[in-house]
Amino acid sequence: MNHWLMKCEPDVFSIDDLEKQKVEGWYGIRNYQARNMMRDAMKIGDLVFFYHSNVKVPGIVGIMEVISAPYPDPTQFDPKHRYFDPKSTPENPRWVQVDVQYVRHTKRNITLQELKEDETLEDLPLVRRGNRLSIMPISAQSWTRILARENLTAE
DNA sequence: GCCAACGTTGGC
DNA sequence: GCCAACGTTGGC
């Protein structure tokens with residue numbers, strides 16, 4: 001099983017929204033590197049950290065599970081949608097999404113700041129300078145270490 | 001709201 | 001295929 005982290009702006013879609021909905025199609029990936037990882041490496045049953053980006057205290061706020069294989073992101077075909085891609089066709093779709101299911105909130109916001117300060121997480125793409133990937137793989141070791149932070153007292 | 005760091009686009 | 005211009009991401 002693989003582990004992942006996926007970013008989302010909570011103003012657009014938050015962990016609370018996912019809890020209410022239970023399931024959501026993770027549409028809107030428009031970066032080739034992110035897409036390739038989703039398309040080629042993401043499997044049903046994989047666990048994913050839900051990360052809130054572009055907020056006052058960015059960080060990991062929940063866990064979700066991949067419950068579908070990758071399939072074409074419908075928004076790429078919708079001319080009215082902001083994620084419309086005129087170069088993509090149903091016969092040859094460019095962008096994919098997966099369905100994710102709510103698992104749980106983390107006990108607290110595991111903040112970007114504390115992840116940066118954790119020396120054991122130096123390989124985490126998230127804390128590397130200039131990283132803008134909205135989907136990234138998390139090693140099993142990092143996954144365990146990040147989860148262990150849950151029970152620490154927030155500083 | 002600013003802006004650094006990227007990714008993408010398109011002229012050549 | 002280079003690279004300047006442009007758009008976007010996302011922390012701060």
Side-chain angles (χ1 to χ4, degrees), chain A residues 2-21 24-42 46-64 66 70-100 102-139 142-143 145-150 152-155:
Chain A
N2 293 318
H3 296 96
W4 306 90
L5 179 146
M6 300 205 290
K7 299 177 183 174
C8 193
E9 302 187 18
D11 291 346
V12 179
F13 188 75
S14 72
I15 186 70
D16 292 338
D17 295 327
L18 181 62
E19 181 178 23
K20 271 178 235 151
Q21 279 181 221
E24 167 76 345
W26 203 267
Y27 66 89
I29 301 298
R30 292 296 181 273
N31 169 285
Y32 288 106
Q33 209 183 333
R35 180 208 62 183
N36 292 347
M37 284 190 286
M38 178 177 268
R39 188 189 58 191
D40 304 333
M42 203 169 265
D46 284 357
L47 292 176
V48 185
F49 284 133
F50 194 130
Y51 177 90
H52 279 176
S53 67
N54 216 1
V55 283
K56 226 169 200 174
V57 186
I60 292 167
V61 293
I63 296 172
M64 50 194 168
V66 177
Y71 62 96
D73 174 347
T75 64
Q76 68 194 303
F77 309 126
D78 178 0
K80 293 193 194 70
H81 203 282
R82 72 169 282 214
Y83 288 126
F84 176 61
D85 184 346
K87 292 177 186 160
S88 190
T89 63
E91 295 73 32
N92 194 11
R94 182 177 290 188
W95 307 109
V96 297
Q97 66 180 45
V98 296
D99 291 340
V100 293
Y102 176 80
V103 175
R104 65 177 178 87
H105 281 62
T106 46
K107 290 175 191 165
R108 60 186 188 84
N109 182 356
I110 304 169
T111 66
L112 175 62
Q113 189 192 344
E114 66 181 281
L115 296 176
K116 278 182 171 171
E117 287 166 358
D118 187 334
E119 291 152 16
T120 67
L121 297 175
E122 275 170 353
D123 288 339
L124 193 66
L126 184 72
V127 302
R128 287 211 292 264
R129 220 163 89 92
N131 186 290
R132 285 170 28 191
L133 266 187
S134 59
I135 299 182
M136 66 189 69
I138 306 281
S139 70
S142 292
W143 179 272
R145 281 178 169 149
I146 292 168
L147 265 189
R149 300 202 62 90
E150 234 188 341
L152 303 178
T153 317
E155 49 274 75

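Every chain is numbered from 1, with letters handed out A, B, ... down the list of sequences. These figures come from a predicted structure and were not determined experimentally.
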Inset, instruction - With heavy atoms under 4.0 Å as the rule, sort A:Lys56 into base, sugar-phosphate or nothing. - result: nothing
Legend entry - Side chains of A:Asp99 and A:Tyr71, donor plus acceptor under 3.5 Å: yes
Inset, instruction - Please state whether the rings of A:Phe50 and A:His52 are parallel, tilted or perpendicular, taking 30° and 60° as the class boundaries. - result: perpendicular
Legend entry - A:Tyr27, OH: over 12 other non-hydrogen atoms inside 6.0 angstrom: no
Inset, instruction - Shoot me the first and last contacting nucleotide of DNA chain B against chain A, ordered 5' to 3', at under 4.0 angstrom to non-hydrogen atoms. - result: B:dA5 to B:dT8
Inset, instruction - Check the pair A:Arg30, A:Gln76 against side chain to side chain contact (heavy atoms under 4.5 Å, CB included), reporting the backbone distance first and the verdict last. - result: CA-CA 9 Å; A:Arg30 292 296 181 273; A:Gln76 68 194 303; 3.6 Å; yes
Legend entry - Partner residues of A:Trp143 under the ring-ring contact (aromatic ring centres under 6.0 Å, His included) criterion, sequence neighbours left out: A:His3, A:Phe49
Legend entry - A:Arg132 and A:Ser53: side chain donor to acceptor below 3.5 Å: no
Inset, instruction - Would you mind telling me which residue lines up with the more 5' stretch of DNA chain B, A:Tyr32 or A:Asn54, judged by nearest nucleotide? - result: A:Asn54
Inset, instruction - Indicate whether the side chain of A:Ser14 and that of A:Asp17 have a donor and an acceptor atom separated by less than 3.5 Å. - result: yes
Legend entry - Contacting residues from residues 124-132 of chain A, given that a heavy atom lies under 4.0 angstrom of DNA chain B: A:Arg129, A:Gly130, A:Arg132
Inset, instruction - Could you tell me whether A:Asp118 and A:Arg149 have a side-chain N and a carboxylate O separated by less than 4.0 Å? - result: yes
